[in-house]
Participant: 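Just dropping this structure here.
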Amino acid sequence: MPTVEIDGQVYTYDDDRHDKLLQFCLDHDIELPHFCYHPSMSIPANCRQCLVQVGTPERDRATGELVTDEEGNPNIQFMPGMQTSCTIGLQDGMVVKTHRTSDAVREAQKDTLEFLLINHPLDCPICDQAGHCPLQIQAYKYGPEGSRFEFRKVHKPKRVKLGPRVTLDAERCINCTRCTRFTDEISESGQLTINNRGVRNYPITAPGEDFDEAYSMNTIDLCPVGALTASDFRFKARIWEMSSSPSIVTTNATGANCEYWVRDNKVLRITPRQNMEVNEYWLPDEDRLVYDRFNDDRPEGPQVRSNGQLVNANWTQAYAKAAALLGPVDGDRIQFVGSAYATVEDNYLLTQLAEHLGADTPVYMPHIEPGAGDDWLITDDKTPNAQGCERLGIREADMQMLRTRIQNGEIDVLYVLEDDPVASELCALADLEDVDVILHYYNTTNETLPAVDVALPAAMVVETVGTYVNQDGRAQRVRPAKAIQGVNRTLMMEMGTSREDEHGTPFDRWHNESHRINCKPSWEILPQIADRVGLDLDYAKGPQAIMNEVQSALDAFEGATYDAMGLQGVALEDAEAGEPA
Amino acid sequence: MSHFDIERPIVKLPEQQPEQQIPDEELVWTDEEQERIEERKAKYPDPKSAIMDLLWMAQEKYDYLPPEAIRLCADTLDMDYARAYGVATFYTQYYKEEKGKFVLDVCTCFSCQMMGGYDILHYLEEKLGIHKGETTDDGLFTVEEVECLGCCGSAPMMQVTNGPYVHNLTKDKVDALLDDLKDGNMPPFVSVTLPQDEDEMGGNRRSDVEATETYQTPPRSEAVK
Ligand code: SF4
Ligand code: FES
Ligand code: FES
């Protein structure tokens with residue numbers, strides 16, 4: 001195996017990978033400051049921050065033999081100038097000195113930073129990026145102390161609306177070209193360019209054009225400074241006031257990995273999380289802008305219908321009412337509707353309840369928008385878990401047939417998990433007049449509510465624990481990002497680990513009672529109702545135990561334990577859906 | 001606090017919703033131009049590389065390059081408009097706005113700056129009563145500050161309307177140049193020869209130019225301490 005020596009330590013490397021030195025170092029936890037390099041894009045080497053000293057063993061020109069000193073060590077010839085580690089390929093016997101072992105490298109990195117900061121406004125106190133800004137962090141770590149530049153800085157446009165979702169502060173830009181390379185090479189919209197030259201340049205669209213592509217907000221994450229910021233999130237919260245929880249987005253069937261950023265139990269923004277098997281580094285804009293639905297129009301506790309009116313109730317009353325509606329009815333006159341929005345665990349419990357009551361296996365309502373997908377991260381299917389339902393044996397509903405059955409009065413109780421039959425055009429409100437409807441729902445905008453008899457506010461993806469299966473059969477876990485009302489040990493424990501940075505337990509200073517929603521995860525609601533109709537669905541360890549059972553009972557979920565899914569998910573085998581192992 | 005001699009270190013945002021300057025019916029290439037374009041495209045492995053040629057053609061055709069002219073070039077080569085716009089704004093030789101009859105591109109890049117490029121620029125600005133980037137009311141002169149024009153040896157220097165260079169500038173030379181231009185006389189192309197050429201080659205390395213000037217060590221700028 002060929003070797004390289006970095007700061008006195010020898011590493012072997014795989015020649016076939018054609019790794020660049022910088023990437024090799026990063027892969028081996030050797031930190032090197034850098035701005036313009038990004039593993040997914042071309043390498044322009046324009047920031048000059050990743051400088052190192054590189055030497056190679058001297059060879060005799062005539063014979064090609066290695067030249068050695070008296071002790072037989074190869075003679076290392078260092079290149080006269082600093083090299084950008086992002087562009088240098090590894091070579092056998094190469095010797096590298098980073099800032100850890102070389103004063104010259106330290107000086108060079110410091111000088112580069114001094115240049116980068118010359119026209120930078122240094123407005124970190126009001127900058128959204130402060131706190132997770134590569135420029136800020138690296139200036140502290142590798143930069144000079146203070147500034148020698150006491151002249152007037154070059155001023156550039158601020159608050160430039162590049163498009164509907166991205167705002168540019170050109171003064172902060174260090175012209176790394178990550179954003180323009182993204183639009184050129186990754187999203188291929190070609191909407192951004194670097195305008196002008198020298199100290200005057202900054203990225204912009206062509207005149208009269210909008211930066212409105214479906215992936216525009218990825219440039220915000222790529223930007224190593226605060227030049228590109230999210231128009232909707234600007235100045236809303238400092239990074240250190242929020243906690244972030246690794247999870248997935250549920251806007252469509254890709255199951256892109258993300259972080260939910262929460263302050264005071266409100267989701268303020270959604271950013272991508274790297275998963276090379278799913279979304280790599282990217283997240284479409286539409287996945288990021290849905291955070292309002294977690295905060296706004298949320299219900300205030302359960303409600304039951306009494307004397308024709310929906311009135312507030314406590315959870316026990318709601319469970320009792322649901323059980324009272326289900327209990328006396330013949331199984332074949334109850335229709336259970338699962339949900340491609342709900343987790344595998346919740347749907348699984350629903351199938352059990354249906355079976356116990358002698359009802360048909362639940363169906364789920366499809367939410368397909370033909371043509372909405374782009375063969376990348378946006379899919380036609382607007383639900384996160386259709387695949388999970390299918391694998392549980394929950395089939396897509398025959399909407400036409402179901403509607404007829406409802407209209408013909410063949411159904412007495414309609415039990416709907418986390419969906420909206422009226423908005424989904426399964427039936428009209430009027431069709432439900434003589435049907436008892438039990439509904440787990442997220443938002444008060446749910447159009448079925450006027451016909452509902454028991455309204456059960458369900459925890460959303462940011463408040464629950466569970467599993468989703470994306471269109472490619474990848475099972476992925478979600479974790480609670482924000483707290484709900486009430487005490488739930490599972491959620492509290494999960495919260496403690498999912499917000500490792502700031503611990504969401506009631507014992508730390510980030511703990512906050514405000515904006516907690518009075519809702520419950522469906523895996524807590526369903527066993528309560530089941531219990532009242534004579535079915536024991538008690539999983540002491542909550543969804544983790546449920547999933548354990550699912551993965552051992554059903555072939556289609558084999559191996560999808562919580563431990564195995566971890567942060568990156570598990571690719572499930574293709575198996576006959578619903579087949580027992 | 002030191003004083004830095006850039007008068008206006010403000011970079012303006014380009015017009016975001018520009019008004020169209022050239023009517024649609026004029027935004028087409030003639031057959032002849034089309035032919036030239038094909039020729040240019042054939043020169044490069046990637047035809048998009050011809051963008052600089054095309055921008056130049058468009059500038060000759062329309063005198064300057066309003067956004068729609070840049071877009072025409074981009075569309076012709078089937079390349080991103082933004083990309084073409086980036087190229088056009090990089091080079092000061094492409095005029096993005098209408099300019100005066102004579103464009104005085106004063107170099108203030110490193111060598112020229114050391115030799116008094118800013119003295120010349122400010123002298124011109126004062127004399128013509130305009131700031132860099134502006135045009136005199138009579139439409140005769142536009143003053144621009146540009147980056148290195150590759151003639152550092154005879155710094156400070158300027159270029160007139162993408163044409164001849166004027167070397168080893170002094171205030172007197174600027175006065176004379178303005179007078180000449182007002183009379184409609186462009187300065188001649190001057191080849192700057194090195195002192196050693198004087199002896200070895202009879203004064204001129206190039207046989208195709210009439211005017212030559214011998215390199216001289218220029219005076220240091222008063223402004224540079
Ligand atoms: S805006 Fe950000 S990403 Fe784009 S070139 Fe400037 S620093 Fe780089
Ligand atoms: S990361 Fe190497 S030059 Fe920017
Ligand atoms: S610096 Fe003026 S020509 Fe090079």
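Proteins get letters first, then strands, A, B, ... in listed order; numbering begins at 1 in each. Note that the structure is a prediction, hence the values are computed from the model and not measured.
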Participant: Rounded to the nearest 0.5 Å, what separates atom CG in Asn196(A) from atom OH in Tyr85(B)?
Facilitator: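 That separation rounds to 8.0 Å.
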
Participant: At a heavy-atom separation under 4.5 Å, does Pro18(B) approach chain A through its side chain, its backbone, both, or neither?
Facilitator: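 Interface part for Pro18(B): side chain.
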
Participant: Taking atom CZ as the centre, does Arg234(A) end up with more than 12 heavy-atom neighbours from other residues, nucleotides or ligands that are less than 6.0 angstrom away?
Facilitator: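 Counting neighbours around CZ of Arg234(A), more than 12 heavy atoms of other residues, nucleotides or ligands fall under 6.0 Å, so yes.
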
Participant: To the nearest 0.5 Å, tell me how far Asp80(B) CG sits from Thr193(A) OG1.
Facilitator: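 Rounded to the nearest 0.5 Å, the CG-OG1 separation comes to 9.0 Å.
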
Participant: If you count heavy atoms of other groups shown closer than 6.0 angstrom to OH of Tyr44(B), is the number above 12?
Facilitator: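 Check passes, neighbour count above 12.
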
Participant: Roughly how far, to the nearest 0.5 Å, is the CD atom of Glu209(A) from the CZ atom of Arg71(B)?
Facilitator: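 Between Arg71(B) CZ and Glu209(A) CD, I get 4.5 Å after rounding to 0.5 Å.
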
Participant: Can you name the closest pair of heavy atoms from Gly208(A) and Gln17(B) and give their distance?
Facilitator: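 In terms of heavy atoms, the two residues are closest at CA-OE1, 4.0 Å.
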
Participant: What are the two closest non-hydrogen atoms of Ile194(A) and Thr89(B), and how far apart are they?
Facilitator: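 Closest approach of Ile194(A) to Thr89(B): O-OG1, 4.3 Å.
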
Participant: Return the minimal non-hydrogen interatomic distance between Tyr202(A) and Lys12(B), and the atom names on each side.
Facilitator: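 Taking every non-hydrogen atom into account, OH-O, 3.4 Å.
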
Participant: If you draw a 6.0 Å radius around CD in Glu60(B), do more than 12 non-hydrogen atoms from other residues or ligands fall strictly inside?
Facilitator: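 Enclosed: over 12 neighbouring heavy atoms sit under 6.0 Å from CD of Glu60(B).
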
Participant: Inspect the surroundings of CG in Asp46(B) and state if more than 12 heavy atoms from other residues, nucleotides or ligands are less than 6.0 Å away.
Facilitator: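 Yes, because the 6.0 Å sphere around CG of Asp46(B) holds more than 12 heavy atoms from other groups.
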
Participant: Restricting to non-hydrogen atoms, name the atom on Lys161(A) and the atom on Gln16(B) that form the minimum distance, rounded to 0.1 Å.
Facilitator: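 Looking at all heavy atoms of both residues, the shortest contact is O-OE1, 3.9 Å.
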
Participant: So which part of Thr180(A) gets closer than 4.5 Å to some heavy atom of chain B, the side chain, the backbone, both or neither?
Facilitator: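 Answer is neither: Thr180(A) stays 4.5 Å or more from chain B.
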
Participant: Check whether more than 12 heavy atoms from other residues, nucleotides or ligands sit under 6.0 Å from atom CZ of Arg181(A), and answer yes or no.
Facilitator: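 Atom CZ in Arg181(A) is crowded, with more than 12 foreign heavy atoms closer than 6.0 Å.
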
Participant: Is any side-chain heavy atom of Val11(B) closer than 4.5 Å to a side-chain heavy atom of Val199(A)?
Facilitator: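 Val11(B) vs Val199(A): side chains apart.
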
Participant: Asn119(A) versus chain B, heavy atoms under 4.5 Å apart: side chain, backbone, both or neither?
Facilitator: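 Asn119(A) has no heavy atom closer than 4.5 Å to chain B.
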
